[in-house]
Amino acid sequence: MGTTEEPGAGPRPLGVGMVGYAFMGAAHSQGWRTVGRVFDLPLRPVLAAVCGRDGQAVRAAADRLGWAAAETDWRALIAREDVDVVDICTPGDSHAEIAVAALEAGKHVLCEKPLANTVDEAEAMVEAAERARARGQLAMAGFNYRRVPATALARRMVEEGRIGALRHVRVSYLQDWLVDPDFPLTWRLKKEYAGSGALGDLGAHAVDLAQYLAGEPLVGVSALTETFVRERPVLKDSVGASAGLAAGDAGTGRGPVTVDDAALFTARFASGALGSFEATRFATGRKNALRIELNGEKGSLAFDLERLNELSFHDHTEPGDSAGFRRILVTEPGHPYLEAWWPPGHGLGYEHTFVHQARDLVHAVASGQQPEPSFAEGLRVQRVLAAVEESALKNSVYTPIPV
Ligand code: SOE
């Protein structure tokens with residue numbers, strides 16, 4: 001892309017085409033709708049078209065979410081001249097095919113996490129992204145929790161050396177929406193659509209955030225996974241038309257859950273720091289509880305998504321009698337992303353992470369700089385997920401403890 005200004009008309013438009021319009025599609029739409037009204041951008045995002053297989057439903061979604069047009073075939077969406085960025089918000093089984101085709105069609109791509117369902121698919125996506133980069137197109141993985149101002153501040157503080165050499169990273173991501181054994185068999189519970197269960201859905205966020213904040217990769221894991229409820233009711237459409245469940249699968253009583261309900265693992269970082277991870281959909285009372293704590297030689301940082309405007313910091317270089325965790329209210333104009341929002345203390349929420357993600361991608365496109373996280377970083381997460389699954393299989397024989 002050349003100059004970003006149209007003579008006398010402000011920033012040039014950047015056409016966005018989105019595939020999928022369920023929960024993540026709604027969240028991304030919110031980001032695209034809002035970003036140009038809050039941030040001063042070098043390009044002007046335009047919600048050009050949204051795509052889904054059901055014509056009536058996608059037209060209704062376009063109206064509801066603010067998209068100018070609707071398409072029923074993603075190939076038609078990526079062929080559109082008014083689409084510069086393809087935003088992929090579908091289940092994981094279609095990420096690779098759509099992303100590779102969009103990059104090859106000369107579009108920039110934003111792809112929801114986890115990047116893919118398998119390491120092979122993620123590798124193909126990285127290769128396509130590298131080829132595209134040489135032609136000037138960019139690819140970004142959608143790990144939105146990097147874009148909470150408090151996590152971005154935590155990253156800055158780690159980079160500044162505020163916690164010193166890292167020793168521990170402790171992450172848990174807890175939800176409880178699967179506790180009821182009669183909760184239906186949705187696409188998220190089928191390996192062929194979702195790749196894995198709590199591991200890919202929640203563990204992917206935990207791993208990405210841990211590697212991002214630590215500033216280093218994980219190099220080994222030891223894991224346990226479990227599927228507590230192995231069969232669930234197959235309701236008509238419960239797997240979701242968009243996931244393409246064969247018609248014959250619907251209305252047949254109970255069907256097998258083919259992904260994990262929970263994944264626990266310990267891990268080693270490249271520096272030798274130790275990590276512990278827990279991802280589950282069975283933590284009663286926990287709705288979307290993502291917590292991370294980093295302990296370094298000089299201090300600690302802790303973040304809790306349920307209190308997302310806050311970051312806890314302990315400075316271990318302070319005198320012991322007055323040192324201790326203190327709460328930083330991350331709403332100052334000097335804090336990441338906050339210069340464009342409300343006066344100090346007024347706070348942001350979950351949806352703002354998608355506005356920030358859109359902001360960072362627009363700046364990357366305008367400057368030609370690689371946005372973060374790259375597809376290569378998405379692949380790194382995918383490799384960790386695969387290692388967790390492999391390790392969990394090996395760990396299925398426990399060291400027995402006499403009772
Ligand atoms: C579902 O459990 C889910 O929506 C994830 O898919 C998201 O990535 C996470 O942010 C919230 O929970």
Side-chain angles (χ1 to χ4, degrees), residues 18-31 87-95 110-117 122 140-152 171-180 183-191 193-212 225 227-229 232 238-240 242-243 257 259-263 277-292 303-308 348-358 373 377-378 381-382 384-385:
M18 189 176 76
V19 193
Y21 53 83
F23 174 19
M24 270 311 109
H28 283 224
S29 301
Q30 168 103 335
D87 183 358
I88 304 170
C89 294
T90 55
D93 62 320
S94 54
H95 286 186
L110 169 61
C111 183
E112 247 310 308
K113 52 56 65 174
L115 187 62
N117 280 0
M140 180 189 196
F143 285 101
N144 61 304
Y145 294 131
R146 290 187 181 205
R147 267 120 187 142
V148 179
T151 59
V171 200
S172 57
Y173 197 162
L174 315 177
Q175 297 184 343
D176 72 356
W177 55 277
L178 278 187
V179 167
D180 179 355
F183 186 92
L185 190 65
T186 72
W187 69 266
R188 287 181 185 273
L189 306 181
K190 303 291 277 181
K191 190 172 176 62
Y193 302 121
S196 62
L199 176 61
D201 189 27
L202 308 179
H205 277 304
V207 168
D208 180 67
L209 199 56
Q211 296 189 131
Y212 166 65
T225 58
T227 304
F228 299 114
V229 177
R232 288 184 177 273
S238 69
V239 178
S242 67
V257 173
V259 298
D260 60 280
D261 286 332
F277 294 78
E278 183 178 12
T280 180
R281 294 159 165 171
F282 275 75
T284 26
R286 300 294 176 202
K287 303 301 167 186
N288 198 38
L290 169 59
R291 292 180 189 164
I292 183 162
F303 169 76
D304 177 352
L305 186 63
E306 291 181 335
R307 305 177 71 113
L308 87 176
L348 302 187
Y350 172 72
E351 76 270 26
H352 298 87
T353 62
F354 298 95
V355 182
H356 301 160
Q357 178 170 272
E377 287 171 276
V381 173
Q382 209 69 45
V384 176
L385 304 183

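Numbering starts at 1 and runs along the sequence shown. Side-chain atoms are counted along with the backbone in the values below, which use heavy atoms only and exclude waters and symmetry mates. One-based numbering, in listed order, for ligands and for the atoms of each.
With D208 contributing its side chain and F143 its backbone, the two residues share no donor-acceptor pair below 3.5 Å.
Short contacts between ligand 1 and Y145, defined as distances under 4.0 Å to a heavy atom of the residue, involve ligand atoms 9 (C), 10 (O), 11 (C). Of all atoms in ligand 1, listed by their number and element, those nearer than 4.0 Å to a heavy atom of F23 are 4 (O). For ligand 1, the atoms closer than 4.0 angstrom to any heavy atom of K113 are 5 (C), 6 (O), 7 (C), 8 (O). Those atoms of ligand 1 with a heavy atom of W177 less than 4.0 angstrom away are 2 (O). Near Y350, meaning under 4.0 Å from any of its heavy atoms, are these atoms of ligand 1: 10 (O). The ligand atoms of ligand 1 that sit less than 4.0 angstrom from a heavy atom of N288 are 11 (C), 12 (O). Of all the atoms in ligand 1, the ones that sit under 4.0 Å from a non-hydrogen atom of D201 are 1 (C), 2 (O), 3 (C), 5 (C), 6 (O).
The shell of residues lying under 4.0 angstrom from ligand 1, judged by heavy atoms, excludes E112. Using a 4.0 Å heavy-atom cutoff, F143 is absent from the residues neighbouring ligand 1.
When heavy-atom distances to ligand 1 are checked against a 4.0 Å cut-off, R281 has no atom that comes that close, whether in backbone or side chain. Using a 4.0 Å cut-off between heavy atoms, Q175 contacts ligand 1 through its side chain alone, with no backbone atom that close.
Using the six-membered ring where Trp is involved, Y145 and Y350 have ring planes that are tilted, between 30° and 60° apart. Taking the six-membered ring for Trp and thresholds of 30 and 60 degrees, H28 and F354 have ring planes inclined between 30 and 60 degrees apart.
Between K287 and D176 there is a salt bridge, with a side-chain nitrogen of the basic residue lying less than 4.0 Å from a carboxylate oxygen of the acidic one. The pair R146-E377 meets the salt-bridge criterion, since a charged nitrogen lies less than 4.0 angstrom from a carboxylate oxygen.
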Go through the steps for D304 and R291 under the test salt bridge (charged side-chain N to carboxylate O under 4.0 Å, His left out), then give the verdict. CA-CA 4 Å; D304 177 352; R291 292 180 189 164; 3.4 Å; yes
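Among protein heavy atoms, atom 8 (O) of ligand 1 sits closest to H205 NE2, 2.8 Å. The closest protein non-hydrogen atom to atom 9 (C) of ligand 1 is Y173 OH, 3.3 Å.
M18 is listed as a side-chain neighbour of C89, based on a closest heavy-atom distance under 4.5 Å. Side-chain contact between F282 and V229 is present, with at least one heavy-atom pair separated by less than 4.5 Å.
Residues N144 and T353 bring a donor and an acceptor atom of their side chains to less than 3.5 Å of each other.
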